[in-house]
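Below is one structure, written out as structure tokens, with a few remarks after it.
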Amino acid sequence: MAGEIPRLTEKVLKYLQIEKDSLAMEQTARLWNEAHQLLDVRRWRHLLPVNEFFLLFHSHARQNKAITRLLAEAHQVWLMAVSLGDDLERRSRDYFAQNETFSGYILDRMGSYLVEGEMRNLDKKIVRECEREKSSTTRRYSPGYQDFSLKAQSVFLEMIGSDIPGLNLTPAGLLKPEKTITAVKGVIRGE
């Protein structure tokens with residue numbers, strides 16, 4: 001990831017459960033810098049009519065009460081994906097293999113924090129675009145939450161194609177690299 005590395009804030013430390021001015025703080029700051037150097041952030045989004053969404057995700061969404069409720073008033077659906085690449089998770093595994101458990105754990109937690117932040121940024125961007133067009137949006141909703149099957153990840157993977165290089169699906173329906181989030185978000189016409 002090019003550019004300046006964001007400051008390690010109290011919010012991040014709280015998420016990581018690291019006390020400010022503790023012995024772990026110095027190592028955490030070093031890992032924060034390392035994490036940002038390992039990022040290869042990829043974002044993907046695709047807008048489609050709500051009926052096309054239900055055709056594509058038919059077996060994963062049509063019988064899904066939460067998705068049906070979420071998209072009840074929507075006329076379009078944004079599909080979103082964010083991935084940090086696999087360098088960060090590979091480095092975390094290296095730390096664990098070297099018995100540097102703290103570094104492996106903290107780097108992994110940082111990855112979770114950073115990918116969620118990237119998804120929130122993409123989500124906010126979509127909300128702002130919809131607001132400019134006098135539309136509103138639903139909250140975002142990801143496979144694996146409530147009754148939205150993880151198997152829906154296969155549809156995301158097929159649609160994303162080569163737009164996020166190296167993206168794969170495990171037999172259990174989890175995306176690799178692990179620091180990848182997918183979501184749907186409905187668009188509701190303005191009055």
Side-chain angles (χ1 to χ4, degrees), residues 1-2 15 35 38-89 108-191:
M1 180 175 168
Y15 177 85
L38 294 169
L39 298 181
D40 181 17
V41 179
R42 302 293 174 124
R43 296 166 198 86
W44 175 88
R45 63 188 192 152
H46 183 77
L47 182 64
L48 64 160
V50 72
N51 60 338
E52 190 176 327
F53 168 81
F54 281 110
L55 284 173
L56 288 168
F57 286 83
H58 62 91
S59 61
H60 312 296
R62 188 57 81 181
Q63 307 306 319
N64 181 300
K65 292 177 187 174
I67 289 290
T68 303
R69 208 170 28 250
L70 180 78
L71 301 177
E73 297 179 31
H75 72 286
Q76 294 176 310
V77 179
W78 275 107
L79 304 179
M80 306 179 286
V82 173
S83 180
L84 300 184
D86 63 358
D87 290 345
L88 188 142
E89 87 184 54
D108 181 71
R109 292 279 295 157
M110 285 177 180
S112 297
Y113 179 87
L114 293 167
V115 73
E116 176 59 29
E118 290 292 338
M119 179 54 90
R120 282 186 182 154
N121 290 340
L122 179 58
D123 191 359
K124 287 176 189 174
K125 183 176 181 177
I126 288 171
V127 168
R128 284 191 303 269
E129 289 173 7
C130 290
E131 286 172 347
R132 279 194 297 273
E133 296 174 9
K134 307 294 188 234
S135 297
S136 61
T137 60
T138 66
R139 63 188 169 92
R140 68 180 157 100
Y141 204 83
S142 293
Y145 186 70
Q146 290 188 356
D147 60 348
F148 191 19
S149 174
L150 267 178
K151 293 179 181 176
Q153 299 284 37
S154 63
V155 181
F156 276 99
L157 186 65
E158 187 176 318
M159 292 189 71
I160 293 167
S162 62
D163 289 345
I164 299 180
L167 194 60
N168 292 297
L169 197 61
T170 70
L174 300 174
L175 288 171
K176 291 292 222 167
E178 291 173 12
K179 302 310 178 197
T180 301
I181 298 175
T182 58
V184 301
K185 185 176 196 66
V187 179
I188 301 166
R189 279 191 184 95
E191 296 301 319

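Just so it is clear, the values below take in all heavy atoms, side chains as well, and ignore hydrogens, waters and symmetry mates.
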I want to check something: taking the side chain as every heavy atom from C-beta on, are [X] and [Y] in contact at a cut-off of under 4.5 Å?
{"X": "L174", "Y": "L169", "answer": "no"}
{"X": "K176", "Y": "D86", "answer": "no"}
{"X": "L56", "Y": "L48", "answer": "yes"}
{"X": "V187", "Y": "L47", "answer": "yes"}
{"X": "Y141", "Y": "I67", "answer": "yes"}
{"X": "V50", "Y": "Q76", "answer": "no"}
{"X": "F57", "Y": "L79", "answer": "yes"}
{"X": "S142", "Y": "I181", "answer": "yes"}

Quick check: closest heavy atoms across [X] and [Y], and the distance to 0.1 Å?
{"X": "L38", "Y": "D87", "result": "O-CB, 3.5 Å"}
{"X": "D147", "Y": "A66", "result": "OD1-CB, 3.5 Å"}
{"X": "T180", "Y": "S83", "result": "OG1-OG, 2.9 Å"}
{"X": "T138", "Y": "G186", "result": "OG1-N, 2.7 Å"}

Euclidean distance, R42 CZ relative to D40 CG, rounded to 0.5 Å: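 The CG atom of D40 sits 4.5 Å away from the CZ atom of R42.
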Rounded distance [0.5 Å steps], CG in N168 versus CG in L175: 9.0 Å
With a 4.0 Å cut-off, would you call [X] and [Y] a salt bridge?
{"X": "R140", "Y": "E116", "answer": "yes"}
{"X": "E73", "Y": "R189", "answer": "no"}
{"X": "E118", "Y": "R120", "answer": "no"}
{"X": "D123", "Y": "K185", "answer": "yes"}

Quick one: side chains of residues 153-167, donor-acceptor pairs under 3.5 Å with protein atoms, not counting sequence neighbours, listed by atom name and distance.
{"residue": "Q153", "atom": "OE1", "partner": "T182", "partner atom": "OG1", "Å": "2.6"}
{"residue": "S154", "atom": "OG", "partner": "K151", "partner atom": "O", "Å": "2.8"}
{"residue": "D163", "atom": "OD2", "partner": "W44", "partner atom": "NE1", "Å": "3.3"}

Chi angles and distances behind the salt bridge (Lys or Arg N to Asp or Glu O under 4.0 Å) call for R45, E129: CA-CA 13 Å; R45 63 188 192 152; E129 289 173 7; 3.0 Å; yes
With S112 via side chain to side chain contact (heavy atoms under 4.5 Å, CB included) - residues at least two apart: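 So S112 forms a side chain to side chain contact (heavy atoms under 4.5 Å, CB included) with Y15, K179.
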Residue Q146 excluded, over 12 heavy atoms near CD under 6.0 Å: yes
Trace of the side chain to side chain contact (heavy atoms under 4.5 Å, CB included) decision for M119 with V115: CA-CA 6 Å; M119 179 54 90; V115 73; 5.9 Å; no
F53/V184 under side chain to side chain contact (heavy atoms under 4.5 Å, CB included): CA gap, chis, key distance, verdict: CA-CA 9 Å; F53 168 81; V184 301; 3.6 Å; yes
